[in-house]
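For reference, the structure is listed below as structure tokens.
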Amino acid sequence: MNCVVNPILRKVGMCVTAVFALSLLSGVSAMAEHVDSAMTPVIPQEFGQVIYQKHGDRAKQVFIIGQSHRSAATGANGTHTVRAQAEIYRIGEWLIHRENVGLLLPEGYFRRETQRAPVQLVSVDGATTLRTPLLDTETLYAKLSDTSAFVNADILLRDNYNIRLQQVEDEGIYWGVREFMRAAHERRGNLPAGFSRELNYLQEIRTAAMLQNIPAVIEEEYRKGMIPARRAMFTVGMAHLNETIQFLQDETIHVSAPPAGTASYDSYKDYTDILNLLEAGYGVTIILPRTLADDREALRMVKLDAI
């Protein structure tokens with residue numbers, strides 16, 4: 001298998017053939033001090049909750065929305081998937097109308113040809129409205145419940161709003177994740193010692209790569225005149241939020257290598273770098289859909305129960 005090398009992986013001196021996207025080993029100790037009610041967008045409480053904010057007064061802003069995905073193996077919806085996705089859709093349309101967000105950055109890697117022509121918006125007495133009708137609740141749930149095709153909140157926002165869709169994943173890391181998950185599934189319970197610690201390291205590297213790519217993508221879209229302001233929403237699995245908040249709290253990215261003897265790759269090293277989002281003058285607001293914010297067990301599983 002060919003190695004994957006991106007700027008982050010090059011900096012830590014490693015050649016990675018696979019990355020995994022879920023780990024529960026690290027936690028966030030305190031978040032309450034980082035939510036300022038004077039700056040926090042007043043998201044309708046039935047749709048979601050702001051759980052963390054850094055520099056909410058900055059004009060350049062990234063709104064990170066925690067996701068609940070369909071099963072990667074079967075495509076089936078989980079217990080909360082449809083309701084959470086419906087809430088993400090409502091949060092997204094609220095951010096489009098109220099926060100002037102014109103760019104959507106979904107977790108995952110997609111082919112460029114999936115980008116569709118945007119639906120045109122028109123201004124009526126200073127208010128932005130759609131030429132096409134909004135999805136009513138019944139239709140929204142029906143679309144999200146249909147497992148015969150891949151549909152989620154991101155796709156529906158793209159299809160129904162004048163919003164750009166771009167990606168921040170490193171392609172090599174993304175495909176490495178898929179290969180790693182396939183290999184891990186084949187191994188089933190026969191996993192080597194230190195496997196979880198290695199996954200935690202690779203997970204944090206992947207999260208760091210996505211975060212570090214965000215400012216450049218937004219700036220490029222704004223420079224081309226494709227979005228009205230340097231404001232975007234980034235939808236990502238809630239398992240990524242733990243380390244994201246830690247990076248923001250520390251105002252830097254630091255990922256510690258697994259202890260010696262626990263990793264398959266001897267070249268793993270500590271990685272430390274400035275956080276591009278803050279260095280580029282962006283504020284960050286992290287939002288959970290109401291269904292996920294109210295699920296105490298789910299929050300505990302991803303070390304977000306401190307909220």
Side-chain angles (χ1 to χ4, degrees), residues 21-54 56 61-72 76-99 101 104-108 134-147 151-157 203 207 233-246 248-249 284-307:
L22 179 63
S23 174
L24 308 176
L25 295 181
S26 60
V28 175
S29 59
M31 287 177 274
E33 65 187 88
H34 294 285
V35 178
D36 186 335
S37 60
M39 303 172 186
T40 304
V42 189
I43 295 169
Q45 288 297 297
E46 65 268 30
F47 300 148
Q49 175 181 339
V50 173
I51 64 167
Y52 181 90
Q53 189 172 60
K54 187 91 168 180
Q61 197 76 205
V62 175
F63 299 92
I64 301 177
I65 307 173
Q67 279 268 29
S68 175
H69 299 295
R70 287 181 177 181
S71 167
N77 286 313
T79 305
H80 299 315
T81 305
V82 172
R83 181 177 294 276
Q85 286 291 319
E87 292 163 352
I88 291 167
Y89 179 86
R90 296 301 186 205
I91 292 168
E93 64 182 2
W94 190 92
L95 291 172
I96 291 167
H97 287 302
R98 299 297 185 91
E99 295 291 331
V101 171
L104 173 58
L105 309 171
E107 174 191 1
L134 296 173
L135 289 178
D136 59 71
T137 301
E138 183 178 353
T139 303
L140 177 60
Y141 273 77
K143 287 181 176 291
L144 292 170
S145 300
D146 181 8
T147 57
V151 177
N152 62 11
D154 300 325
I155 291 172
L156 294 178
L157 286 168
Q203 154 72 348
T207 302
M233 65 180 101
F234 171 41
T235 54
V236 65
M238 65 185 296
H240 292 274
L241 299 183
N242 177 23
E243 56 261 28
T244 296
I245 292 171
Q246 192 66 63
L248 289 164
Q249 285 181 330
V284 179
T285 300
I286 300 180
I287 305 164
L288 274 182
R290 173 51 54 198
T291 298
L292 301 183
D294 289 345
D295 188 336
R296 304 306 299 179
E297 178 60 18
L299 294 176
R300 185 190 67 79
M301 289 290 291
V302 294
K303 304 297 182 183
L304 291 175
D305 49 323
I307 69 172

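Here the structure is a predicted model, which is why all the values come from computation and not from measurement. Numbers here simply count residues along the sequence, with the first being 1. Computed over heavy atoms, backbone and side chain alike; hydrogens, waters and symmetry mates excluded.
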Rounded distance (nearest 0.5 Å) linking atom CG of Asp154 with atom CE of Met233: 9.0 Å

Using a 4.5 Å cut-off on heavy atoms from C-beta on, say whether the side chain of Gln85 contacts that of Ile155. no

Testing the basics here: between Glu243 and Gln203, what is the closest heavy-atom pair and its distance to 0.1 Å? OE2-NE2, 2.6 Å

Hey, what do you get for CD (Gln53) to CZ (Phe63), rounding to the nearest 0.5 Å? 8.0 Å

If you measure from CG on Leu248 to OH on Tyr52, what distance do you get to the nearest 0.5 Å? 4.5 Å

Work out which heavy atom in Ser145 is nearest to a heavy atom in Val82; give both atom names and the distance. OG-CG1, 3.6 Å

Got a second to check how far Leu292's CG is from Ile88's CD1, nearest 0.5 Å? 7.0 Å

Side chain Glu87, main chain Arg290, donor-acceptor under 3.5 Å: yes

So, do Leu157 and Thr235 sit near enough that their side-chain heavy atoms are less than 4.5 Å apart? no

For Glu138, give me all partners under side chain to side chain contact (heavy atoms under 4.5 Å, CB included), at least two apart in sequence or on another chain. Asp136

Gap between atom CZ of Phe234 and atom CD of Glu107 - 0.5 Å precision: 6.5 Å

Distance alone, cut at 3.5 Å: any donor-acceptor contact between the side chains of Gln67 and Asn152? no

Would you say the side-chain atoms of Gln49 pair up with the backbone N or O of Ile287, donor to acceptor, closer than 3.5 Å? no

Got Leu135 and Glu93 here, is their nearest side-chain heavy-atom distance under 4.5 Å? no

When you measure from the side chain of Thr244 to the backbone of His240, do you find a donor-acceptor pair of N or O atoms at a distance under 3.5 Å? yes

With rounding to the nearest 0.5 Å, note down the distance linking CD1 in Ile51 to OG1 in Thr285. 11.0 Å

Ignoring hydrogens and angles, tell me if any N or O in the side chain of Lys303 forms a donor-acceptor pair with the backbone of Asn242 under 3.5 Å. no

Could you pull out the closest heavy-atom pair between Gly48 and Ile91, with the gap in Å? CA-CD1, 4.1 Å

Are any non-hydrogen side-chain atoms of Asp146 and Val151 less than 4.5 angstrom apart? no

Set of residues satisfying side chain to side chain contact (heavy atoms under 4.5 Å, CB included) with respect to Arg300, sequence neighbours excluded: Glu297, Asp305

Locate the shortest heavy-atom distance separating Pro289 from Ala84; write the atom from each residue and the value. CB-O, 4.0 Å

If you define the side chain from C-beta out and look only at heavy atoms, does anything of Leu299 sit under 4.5 Å from Met238? yes

Side chain to side chain, Leu241 and Val302, heavy atoms closer than 4.5 Å: no

